[in-house]
Amino acid sequence: MSRRSINRFRGLVLAVWLCSLFFSAELRAQDTANLAESSRADYGLENFDWNGLSQFAEIARAEGIELKLSAELDYDQLDPEQPLLMIHPQQPVAVANLSNFIVAGGRALLADDFGASDALLERLGITRMVMPPANLPHTDFVDDNPALPIFTPAGRHSLLHGVEQLVANHPAILFNVGLPVVSFSENGGLVYDMSLGEGKVIVLADPSLLINNMLLVADNAVFARNALLYLCGDISPCKIQVLIETWKESGKYSSSSGQSENLNELQKHIDAINDAIANFAQNLPLTELLYYLSLLLTLGLATYLITIFPLRRPVAYSQFISRALDNVPAPQSELDWNLARFAQPQRRFFGRRSVNYALPLAILKEIFEELFFTRLGLWPISTKNPPSPAQMGIRFGALFLNKHPEDERDRIENEVVALLEFFEKIPSRHRILLDSEAYFGERDLLKAYRRTQKILHLMGLKEEYERRTRNHA
């Protein structure tokens with residue numbers, strides 16, 4: 001190669017190198033600008049201003065929870081072991097895909113006041129109402145400012161550990177036939193804990209409750225921590241996929257369980273029947289069409305009557321329910337209707353019936369907690385600052401497990417904590433008949449019963465338990 005060619009080659013390499021430096025600098029500048037813009041955005045995880053979520057992210061880190069911000073929701077990659085956090089969505093989500101994910105056991109937190117989540121809320125059976133702050137169905141406000149309602153939650157729920165007051169900022173109002181976790185003083189709810197299949201959705205009608213400034217108010221930070229822990233459940237380590245305002249959606253969620261397959265198969269049959277009827281109608285004269293349609297109508301009416309007037313009464317699932325129903329005539333009142341609803345197998349999935357054991361579990365919870373807390377010297381439990389299940393587990397171990405080996409003592413204390421945390425999810429007996437979302441299966445009842453018997457035996461309370469249950473039955 002000649003010297004001139006070598007010089008030309010070196011010049012070309014130098015030009016390419018300079019161009020690459022220029023474009024790299026441009027890309028770095030663009031990335032820096034994007035990062036800066038992201039840090040300033042509303043609900044930004046790296047936004048340290050009043051409207052950011054940096055404090056919320058810090059709470060998650062303190063609990064060992066990773067918040068992973070995503071610009072795309074790929075339903076092909078969704079895993080029930082990775083919860084979703086959706087904040088103020090600005091475009092409708094693929095409700096069918098998201099519902100299948102939750103039904104299969106996924107968990108999600110939807111925080112939205114005026115965003116585009118109406119279709120998802122409708123799927124959950126929730127109606128959202130937006131109205132001026134002055135018209136909120138509420139009576140307690142910060143400095144009489146109707147845009148800042150103060151909530152004083154009542155009842156026991158994992159979301160309410162250590163929460164005495166919450167303050168919202170221009171919230172929407174949610175309505176559902178079930179009771180909310182946090183309610184307005186007159187009507188409607190701020191927070192709902194919804195069940196859908198095997199999964200859960202926490203619905204918060206005010207995403208601004210999670211921003212930096214609002215986490216400094218009342219017990220909002222405690223509630224945010226509880227929501228993260230409840231969202232993760234038993235998942236460890238927990239990584240939450242965070243979707244804020246706008247994101248892309250792709251793929252299709254398919255569950256490994258048979259439920260989605262059953263639903264898809266059923267939909268195929270329905271589509272096939274509809275197509276067959278349409279083709280059948282096109283090829284029939286009008287008189288024959290009316291004849292066959294009358295037959296279909298008669299058959300449909302007969303099927304409907306068989307459905308609403310079953311030929312065989314379902315078997316009651318416990319002596320308590322059997323005796324109660326034997327003394328109750330045909331349900332007339334709302335209370336009687338609800339009692340009958342809990343005594344009959346409820347259809348949960350296509351082709352399978354399962355019984356709701358929420359009522360006997362509520363009775364078991366009521367009797368156990370009174371005996372347990374009385375023996376620990378904590379009855380009646382304070383509603384303002386109740387001890388946590390972890391604190392009660394330690395107290396139980398100190399009083400009743402001194403002679404047990406350390407590893408066995410730790411194991412039993414963990415069982416006590418797990419039982420108390422499970423009972424917190426069960427509404428009290430006076431609410432159970434009005435809570436349409438309260439569902440517990442036979443496995444839940446048996447597991448809780450075995451644990452209560454073991455714990456009461458260690459406390460010397462088993463005979464007292466038997467006496468009280470005989471009185472309740």
Qualifying residues under side chain to side chain contact (heavy atoms under 4.5 Å, CB included), relative to Thr374, sequence neighbours excluded: Glu370, Trp379
Looking just at side-chain N and O atoms, do Asp193 and Tyr230 make a donor-acceptor pair shorter than 3.5 Å? yes
Do Arg61 and Glu58 meet the salt-bridge criterion of a basic N to acidic O distance under 4.0 Å? yes
Contact between Leu124 and Asn176 at the side-chain level, heavy atoms closer than 4.5 Å - yes or no? no
So, the side chain of Gln55 versus the backbone of Leu215: is there a donor-acceptor pair under 3.5 Å, distance only? no
Looking only at heavy atoms, the pair that brings Pro171 and Phe184 closest together is CG-CZ, 4.1 Å
Please confirm whether the backbone N or O of Glu81 pairs with a side-chain atom of Asp79, one donor and one acceptor, at under 3.5 Å? yes
Distance (rounded to the nearest 0.5 Å) between Asn212 CG and Asn220 CG: 12.0 Å
Using the side-chain contact (heavy atoms from CB on, under 4.5 Å) rule, take Leu67 and Phe56 through it: C-alpha gap first, then chi angles, then the decisive distance, then the call. CA-CA 10 Å; Leu67 299 183; Phe56 182 73; 3.9 Å; yes
Give a yes or no answer on whether the side chain of Tyr43 reaches the backbone of His88 with a donor-acceptor pair at less than 3.5 Å. no
So, for Val416 and Gly393, which heavy atoms are closest and what is the spacing to 0.1 Å? CG1-CA, 4.2 Å
Distance in Å, Ser158 OG paired with Leu229 CG, rounded so as to fall on 0.5 Å steps: 9.5 Å
Does the Arg375 side chain pair with the main chain of Met459, one donor and one acceptor, at a distance under 3.5 Å? yes
Just verifying a value: how many Å separate Ile65 CD1 and Ile59 CD1, rounded to the nearest 0.5 Å? 10.5 Å
Could you tell me the separation between the CZ atom of Arg156 and the CD1 atom of Ile426, rounded to the nearest 0.5 Å? 11.5 Å
Measuring from atom CG of Leu190 to atom CG of Leu204, what distance do you get when rounded to the nearest 0.5 angstrom? 5.5 Å
Can you confirm whether Leu361 sits close enough to Lys365 that some side-chain heavy atom of one is under 4.5 Å from a side-chain heavy atom of the other? no
Any side-chain heavy atom of Phe396 within less than 4.5 Å of one from Ile455? yes
Keeping Asn187 on the side-chain end and Pro137 on the backbone end, is there a donor-acceptor pair under 3.5 Å? no
Is the closest side-chain heavy-atom distance between Leu228 and Glu63 below 4.5 Å? no
Could you walk me through whether Val181 and Phe223 pass the side-chain contact (heavy atoms from CB on, under 4.5 Å) test, one step at a time? CA-CA 12 Å; Val181 177; Phe223 174 82; 5.8 Å; no
Which atom of Gly251 lies closest to which atom of Asn97, heavy atoms considered: O-ND2, 3.6 Å
Considering only heavy atoms from C-beta outward, does the side chain of Leu378 approach that of Pro387 to under 4.5 Å? yes
Closest non-hydrogen atom pair between Ala104 and Tyr253, with its separation: CB-OH, 3.7 Å
Please check if the side chain of Arg128 supplies one atom and the backbone of Asp113 the other of a donor-acceptor pair under 3.5 Å. yes
To check you understand the geometry: which heavy-atom pair defines the closest contact between Leu109 and Ala227, and what is its length? CD1-CB, 3.8 Å
Nearest heavy-atom approach of Pro149 to His138 is CB-CD2, 3.6 Å
Using only heavy-atom distances, determine whether the side chains of Asp76 and Ser250 contain a donor-acceptor pair under 3.5 Å. no
Gln391 side-chain N/O to Ser388 backbone N/O, donor-acceptor pair under 3.5 Å: yes
Would you say that Asn169 contacts Leu148 through its side chain, given a criterion of any heavy-atom pair below 4.5 Å between the two side chains? yes
Flag, side chain of Ser117 to backbone of Leu120, donor-acceptor distance under 3.5 Å: no
Within 6.0 Å of CD in Glu186, more than 12 heavy atoms from elsewhere: yes
Would you say that more than 12 heavy atoms from the other residues, nucleotides or ligands in this model lie under 6.0 Å from the CZ of Arg123, or not? no
Leu216 versus Trp50: any side-chain heavy-atom pair under 4.5 Å? no
Walk me through whether Leu53 and Ile211 qualify under side-chain contact (heavy atoms from CB on, under 4.5 Å). CA-CA 5 Å; Leu53 295 178; Ile211 64 176; 4.2 Å; yes
Residues, nucleotides or ligands: over 12 heavy atoms within 6.0 Å of Asp144 CG: no
Would you say the side-chain atoms of Asp112 pair up with the backbone N or O of Gly115, donor to acceptor, closer than 3.5 Å? yes
Using 30° and 60° as the class boundaries, would you call the ring planes of Phe368 and Phe423 parallel, tilted or perpendicular? tilted
In Å, rounded to the nearest 0.5 Å, how long is the span from CG of Leu231 to SG of Cys238? 6.5 Å
Quick check: Phe440 with Phe422 (ring centres under 6.0 Å apart)? yes
Kindly determine whether Leu243 and Gln241 satisfy side-chain contact (heavy atoms from CB on, under 4.5 Å), including the steps that lead there. CA-CA 7 Å; Leu243 303 152; Gln241 184 177 359; 4.2 Å; yes
Determine whether a donor-acceptor pair (N or O, by modelled atom type, separation under 3.5 Å) exists between the side chain of His170 and the backbone of Pro133. no
Got Ser185 and Asp140 here, is their nearest side-chain heavy-atom distance under 4.5 Å? no
